Structures are given as C-alpha cells and as structure tokens.
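The following block contains the structure, expressed as structure tokens.
Just so it is clear, the structure is predicted and the values come from calculations on it, not from any experiment. Lettering of chains follows the sequences in order, A, B, ..., and the numbering in each one begins at 1.
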Number of protein chains: 2
Amino acid sequence: MSISPRQLEERKMRQERILAGALSVFKSKGLDGATMDEIANTSGFGKATIYYYFKSKEDVFSAILVDGWKNIWESLEPVISEDSSPRTTFVSVLIKIAENAQNRPGLFEFLFDVPKAIKLDNQPWKEYQNRLYAIIQGLLDDGIKQNEFPQINPKLMFKALGGLFMGLVFMGDKKDPVTDKDIESLLNELIRDPKLNN
Amino acid sequence: MSISPRQLEERKMRQERILAGALSVFKSKGLDGATMDEIANTSGFGKATIYYYFKSKEDVFSAILVDGWKNIWESLEPVISEDSSPRTTFVSVLIKIAENAQNRPGLFEFLFDVPKAIKLDNQPWKEYQNRLYAIIQGLLDDGIKQNEFPQINPKLMFKALGGLFMGLVFMGDKKDPVTDKDIESLLNELIRDPKLNN
DNA sequence: TTACTTTTCGACTCATCATTCGAAAATATA
DNA sequence: TATATTTTCGAATGATGAGTCGAAAAGTAA
C-alpha cells in the first residue's frame with residue numbers, strides 16, 4: 001500500500017494553501033521581492049515545508065499561473081467551440097472571462113497583469129495565454145473581414161479592446177460586479193457593428 | 001572658484017550616459033534583476049563611479065523616470081493650455097505623446113510600462129504620471145459631457161483608449177512611424193463623434 | 001506496540017549583490 | 001610647477017535570502 005486517495009487529496013489541499021499564501025505575497029511584493037520565509041509564514045508552514053511541496057520559488061510562482069490559466073481555459077473551451085458568428089463568440093468569450101475573474105478577483109488580476117515584468121526560463125503558462133490571445137485575435141480578424149467590426153487594423157483593435165476589457169473587469173467593485181449585459185452593451189455602444197446603422 | 005559651467009555640463013553628460021546604460025539594463029532585467037556591476041559595465045564606468053553620481057540603484061531608476069516624465073510634460077504643457085474643444089485637445093495631446101515616444105522609443109515604453117511592478121518608497125515620477133492621467137481623464141469627462149464622445153463611463157473610456165493608444169504608439173515600427181493622421185483617423189473611425197453622423 | 005512512511009521545521013550554508021573605502025589618476029587653479 | 005579639487009575604480013564589507021540538512025513529530029499499518 002502506498003498512498004491513499006485521502007492522503008493525495010490532503011496533499012493537494014496543502015499545496016493550494018501554499019499557493020494562496022504565495023499569491024498574496026507575490027501580489028504585494030512581486031516575484032523578486034517575495035521571500036520564501038514570508039510565503040511560509042503567510043501560508044502557515046515552515047520554510048522547509050514549502051520546499052517539500054515545491055521545488056523552488058519560481059516553481060511556486062509558476063504553479064499559481066498554470067493553475068489559473070488551466071481553469072480559464074477549461075471554462076472557455078465550450079464557448080469557443082460554439083459555432084456562432086465571430087462577434088457573438090467574441091462577446092461570449094469576454095463574458096466568460098469576466099465571470100472567471102469575478103470568482104477569484106485577486107487571482108485574475110495577477111494572471112493578466114503581473115507576469116509581464118517576469119524573466120524566467122520556463123513560462124509554461126505562456127502557452128495558455130498565447131492560445132487565448134490567438135483565439136481572440138482570430139475572432140477579431142474574422143469579424144473585421146465579415147464586416148461585424150469597424151475596418152481597423154485588427155491588431156490595434158485587439159489592443160484597444162484589451163485595455164477596455166481589463167478596465168471593465170477589474171474595475172467592477174465586489175459590490176457591483178460586471179454583468180453580461182454590461183459587457184455586451186458597452187461593446188455595442190463603443191464598437192459599432194457597421195451593419196447596423198442606429 | 002568652484003565649478004565651471006563646462007564642468008557642470010560634462011558632469012550632466014556623464015550622468016546621462018549612466019542613465020542610458022542603466023535604462024537598457026533595467027529594460028532587460030528589471031529593477032531587481034539589474035546589478036550595479038552590469039549598469040557600470042554597460043555605461044562604461046567603474047561601479048564605484050556610479051555611486052559618485054547617484055546615491056543608490058533606486059536613485060538611478062528614479063532618475064530615468066523623472067527625467068523622462070519631465071520631458072513629456074514640458075512638451076505637453078503648451079498643447080494643454082491651448083483653448084480648444086475637449087476632443088481636439090485630446091487628439092493633440094495623444095499626438096504629442098506619440099511624437100515624444102517616436103524620438104526615444106526605448107525610454108517611453110519603459111516610462112509607461114515598467115514601473116507598475118515596482119515597489120519603492122519614493123516614486124517622484126508618479127506625480128507627473130498622475131497629473132497627465134488627470135488631464136486626459138478631464139478631457140474625456142468634458143468631451144463626454146459635451147457629447148463629443150459616445151456616452152460611456154469616462155473611466156472605462158480612459159482604459160480603452162489607453163490600451164488603444166499604447167498599441168498604436170509602441171506598435172509603430174521604426175521604419176513606419178505613427179503619424180498624426182494615423183492617430184486622428186483611427187480615433188475618428190473607432191470612437192465616433194456622435195454629433196457627426198456619417 | 002513496533003516498524004515504516006510521510007510531513008514538518010529551524011538552523012545552517014553559500015552565493016549574490018548593494019554599498020562603502022581608501023587610494024590613485026586626472027584635471028583644474030595659482 | 002606645486003597644490004587643491006574632482007573623478008575614477010577595484011577590492012573589501014555586510015546583509016539578505018534561496019535552498020539544504022538532519023532530526024524530530026505525526027500519521028499509517030501490522
């Protein structure tokens with residue numbers, strides 16, 4: 001007999017506890033500023049115990065991001081494989097991401113914002129990130145071709161909508177979360193569908 | 001006799017040389033990743049010499065940002081005090097910033113992008129940054145009130161335009177710089193002036 | 001209870017810098 | 001030229017913090 005299912009589960013819970021503590025430390029201090037001692041204290045373990053569960057500080061950092069992106073991606077897949085017009089799918093994707101972000105606000109801000117400044121050899125989460133960006137860019141490309149969006153350089157459109165979307169999602173206070181309708185109406189207000197002329 | 005004007009000027013040039021070297025190091029390694037040794041080598045001085053001109057690594061970092069923002073601000077002031085409609089002034093401000101960015105691309109990307117992740121006690125450049133953001137936000141507020149922009153939450157508009165603008169400016173390759181017309185036409189295409197109905 | 005595995009941890013090691021020192025070179029001044 | 005000031009720098013200093021060690025506690029199984 002080696003390891004019972006319960007043991008495995010407990011182990012995973014401890015890992016998650018560590019990651020939660022680490023997230024809060026990373027968010028306030030950054031990757032370099034965070035110390036393993038502080039992560040250990042915050043998550044309620046001794047320093048050496050952290051190393052029992054993770055190989056290195058960077059490993060902890062990585063795990064947070066990979067975990068987070070994996071979740072996003074799983075919730076996104078059904079929406080993407082839906083077979084609708086680019087603009088419709090686009091809106092659904094944004095709404096789905098916003099939902100995710102609402103569930104774990106601290107995490108998602110981190111996911112999208114923080115890792116820009118980071119210099120690591122392995123950035124396994126980048127793969128998810130790039131895949132998502134590629135999808136969105138593709139939807140914009142197609143949407144513009146099909147005249148569902150204004151005729152603008154798609155890459156620019158991407159940047160603009162990126163800023164807009166981040167603003168929308170991370171601005172929504174906890175009390176006043178962003179609704180599906182918010183996203184849809186904002187997008188329709190700001191980025192007109194040329195085929196409708198209201 | 002203490003210090004001749006030429007001496008002062010040379011001193012300033014040496015400081016600038018250091019800042020230029022430091023910028024390139026900070027850009028590739030970040031504030032924490034950069035070492036004084038590397039900054040010294042890159043800028044062609046001995047390490048101790050850097051300390052002759054600057055109090056600390058953070059001081060070097062700060063100086064880069066304060067310098068940069070001071071320049072932006074000086075070039076911006078005349079445009080802002082111009083007395084035109086919010087939308088017009090808004091466009092002029094963006095154009096002026098884009099011009100600045102074109103002159104020293106490396107610097108401006110740093111100015112707008114990097115310091116988000118930084119944790120320093122004194123962030124004197126923040127004052128400039130906030131002043132600029134306040135101006136822009138004010139222009140948007142007024143523009144929306146005067147119905148020169150779509151009726152959208154001004155803070156959201158700010159975020160969206162922020163993303164758009166960054167994309168525009170920092171995307172423009174050196175070969176194919178962004179022109180005034182680019183900015184103006186893009187803005188007019190994407191963000192309609194409700195008073196014109198084309 | 002006893003033997004075995006998993007988990008926990010504080011103290012230690014070791015490398016990496018930021019910063020300082022003190023002396024020398026270069027330059028200015030008389 | 002002789003003296004004073006400014007500039008330069010490599011070598012020490014000291015702090016910090018990532019990662020390791022070895023032992024003990026806690027849990028499991030018989």
Item to complete: Calculate the interatomic distance between A:Phe45 atom CZ and C:dT6 atom C1'; express it in whole Å.
Response: 14 Å

Discussion item. What is the separation between atom CD on A:Gln7 and atom C1' on D:dA29, rounded to the nearest whole Å?
Written reply: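 Taking atom C1' of D:dA29 as the reference, CD of A:Gln7 is at 11 Å.
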
Discussion item. Surrounding CZ of B:Arg14 (heavy atoms of other residues, nucleotides or ligands, distance under 6.0 Å), is the total greater than 12?
Written reply: yes

Worksheet item: Given atom CD of A:Glu38 and atom P of D:dT16, what is their separation to the nearest angstrom?
Response: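 So the two atoms are 14 Å apart, to the nearest Å.
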
Practice prompt. Would you state whether a donor and an acceptor, one from the side chain of A:Lys47 and one from the base of D:dG19, lie under 3.5 Å apart?
Written response: yes

Worksheet item: Mapping A:Ala48 and A:Thr35 to their closest nucleotides on DNA chain D, which lands nearer the 5' end?
Response: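 Between the two, 5'-proximity favours A:Thr35.
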
Worksheet item: Hey, can you pull the residues of residues 17-27 of chain A with a non-hydrogen atom under 4.0 angstrom from DNA chain D?
Response: none

Worksheet item: Is the shortest side-chain N/O distance from B:Lys57 to OP1 or OP2 of C:dA18 below 4.0 Å?
Response: yes

Worksheet item: Hey, does the side chain of A:Arg6 come within less than 4.0 Å of D:dT28's phosphate (OP1/OP2), counting only N and O?
Response: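 So the side chain of A:Arg6 is within the cut-off, an N or O lying under 4.0 Å from OP1 or OP2 of D:dT28.
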
Worksheet item: Between B:Lys55 and B:Glu10, which has a closest nucleotide on DNA chain C that is more 5'?
Response: B:Lys55

Discussion item. Nearest whole Å is fine: how far is D:dT7 C1' from B:Arg11 CZ?
Written reply: 9 Å

Discussion item. Just the rounded figure in Å: distance from P of C:dC9 to CG of A:Asp37.
Written reply: 13 Å

Worksheet item: Atom CD1 of B:Ile39 to atom C1' of C:dT19: distance rounded to whole Å?
Response: 13 Å

Worksheet entry | Given A:Tyr128, A:Phe112, A:Phe108, the one that forms ring-ring contact (aromatic ring centres under 6.0 Å, His included) with A:Trp69 | A:Phe112

Fill in: Under-4.0 Å side-chain N/O to phosphate OP1/OP2 contact, A:Arg14 with C:dT7
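Yes.
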
Item to complete: Please determine if a side-chain N or O atom of A:Tyr53 lies less than 4.0 Å away from the OP1 or OP2 oxygen of C:dT8.
Response: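 Yes, A:Tyr53 has a side-chain N/O under 4.0 Å of OP1/OP2 on C:dT8.
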
Item to complete: Please name the pair of heavy atoms, one in B:Ser56 and one in B:Met36, separated by the smallest distance, quoted to 0.1 Å.
Response: C-CE, 4.1 Å

Worksheet item: Can you tell me how far P of D:dG22 sits from OH of A:Tyr52, to the nearest Å?
Response: 17 Å

Practice prompt. State whether B:Thr49 places a side-chain N or O below 4.0 Å from either non-bridging phosphate oxygen (OP1 or OP2) of D:dC9.
Written response: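 Yes, B:Thr49 has a side-chain N/O under 4.0 Å of OP1/OP2 on D:dC9.
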
Fill in: For the student: nearest non-hydrogen atoms of A:Leu19 and A:Asp67, plus distance
CD1-OD2, 4.3 Å

Discussion item. Return the CD to NZ distance between B:Gln7 and B:Lys12, rounded to the nearest 0.5 Å.
Written reply: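 These two atoms lie 14.5 Å from each other.
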
Worksheet item: Is the phosphate of C:dT19, meaning OP1 or OP2, less than 4.0 Å from a side-chain N or O of B:Tyr51?
Response: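 Checking B:Tyr51 against C:dT19: at least one side-chain N or O falls below 4.0 Å of OP1 or OP2.
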
Worksheet item: Just how far is it from atom CD1 of B:Ile183 to atom CD of B:Glu99, taken to the nearest 0.5 Å?
Response: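 If we round to the nearest 0.5 Å, B:Ile183:CD1 and B:Glu99:CD are 8.5 Å apart.
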
Item to complete: Could you please spell out the steps behind the side-chain hydrogen bond (donor to acceptor under 3.5 Å, both in side chains) verdict for A:Ser85 and A:Glu148?
Response: CA-CA 9 Å; A:Ser85 83; A:Glu148 293 185 325; 3.1 Å; yes

Practice prompt. Find the distance A:Asn41:CG to C:dC9:C1' and express it as a whole number of Å.
Written response: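 Rounded to whole Å, this separation is 12 Å.
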
